[in-house]
Amino acid sequence: MAGKIVADTLETGAGADIATSHVVNGTAKFWVNFNGTGTPATNDSHNQSSLTDNGTGDFTHSYTSSMGNVNYFSVGQGYYNTGGNSALIQWTLKNATGGLASYLLTSSIRVDVVYLDANQNRTNYDYTGNWGSVTGDLA
C-alpha cells in the first residue's frame, strides 16, 4: 500500500515555517551540470533521463518526469577559461529548425550554449562547464 503524507506547512527548528506549496512549486524540477566537450557527459543532475549532443553547442536534455505544460521557465549559463581568456556563456532556447525561438517540450528542452562577443556576434561552443535549470509544474 502506498503511503501518503498531508501537510500544509513544514515547521523548522528555527521558528520559520515554510508553506509546502513553496516547497512543491518553488523548486527546480530539472537541473543539470554537464561537460559539453568531446563526448558530452552529465556531471550531476536532477530529473534528467538523457543528454543528447545535436552538434556544436547544441544539446537536448530529456526529463525523467515530464513537465505539466510548456509554460515553464529555464535558465542556464556556462564558463570557460583557456589560455588566460575566460568568458561567461549563455544558454538559449532553440527551435527544431535551428532558429532562436522557444523550443520547450513537456518531455525535453533543447538549448544552444553560445558565446556572445563585444559586437553581439553569437557562436556555438562546446564548453566544459555548463549549468541549467527549469522551474515549473510537473505532470
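Just so it is clear, the structure is predicted and the values come from calculations on it, not from any experiment. Just so you know, these numbers use all the heavy atoms, side chains as well, and skip hydrogens, waters and symmetry mates.
With hydrogens and angles ignored, the 3.5 Å screen pairs no side-chain donor or acceptor of Y125 with any backbone N or O of G36. D53 places a side-chain N or O within donor-acceptor distance of the main-chain N or O of G55, the cut-off being under 3.5 Å. Under the 3.5 Å distance criterion, the side-chain polar atoms of N47 are matched with a main-chain donor or acceptor of S65. A donor-acceptor contact shorter than 3.5 Å is absent between the side chain of D126 and the backbone of T56.
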Exercise. Going through the distances and angles, do V113 and Y127 end up as a side chain to side chain contact (heavy atoms under 4.5 Å, CB included)?
Worked result: CA-CA 8 Å; V113 177; Y127 292 113; 3.7 Å; yes
Exercise. What do the steps show when you test T135 against T27 for side chain to side chain contact (heavy atoms under 4.5 Å, CB included), and what is the final call?
Worked result: CA-CA 6 Å; T135 303; T27 58; over 6 Å; no
Problem set entry | Stepwise side chain to side chain contact (heavy atoms under 4.5 Å, CB included) check, M67 with N69 | CA-CA 6 Å; M67 301 299 292; N69 56 56; over 6 Å; no
For this session: Apply the test side chain to side chain contact (heavy atoms under 4.5 Å, CB included) to residues Y63 and L138: give CA-CA distance (whole Å), side-chain angles for both, the deciding distance (0.1 Å), then the verdict.
Result: CA-CA 10 Å; Y63 307 132; L138 290 175; over 6 Å; no
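Grouping the Ile, Leu, Val, Met, Phe, Trp and Tyr side chains by contacts below 4.5 angstrom, directly or via other members, places W31 apart from I109.
Shown here for T64 and S49, the closest heavy-atom pair between the two residues is OG1-N, 3.4 Å. For the residue pair V134 and Y72, the shortest heavy atom distance occurs at CG1-CD1, 3.3 Å.
Side-chain atoms of V75 and S133, non-hydrogen and from C-beta on, do get closer than 4.5 Å to each other. Put simply, the side chain of V70 reaches to within 4.5 Å of the side chain of T106, judged on heavy atoms.
Side chain to side chain, T60 and N54 meet the donor-acceptor criterion of an N or O pair below 3.5 Å. A donor-acceptor pair shorter than 3.5 Å can be found between the side chains of Q48 and T42.
Interatomic distance, OG of S62 versus CG of L105, reported as 9.0 Å (0.5 Å rounding). Once rounded to the nearest 0.5 Å, the distance linking CG of L51 with CG of N130 reads 9.5 Å.
Residues forming a side chain to side chain contact (heavy atoms under 4.5 Å, CB included) with N33 (at least two apart in sequence, or on another chain): N43, W131. Residues satisfying the ring-ring contact (aromatic ring centres under 6.0 Å, His included) test with F34, not counting sequence neighbours, are F59, H61.
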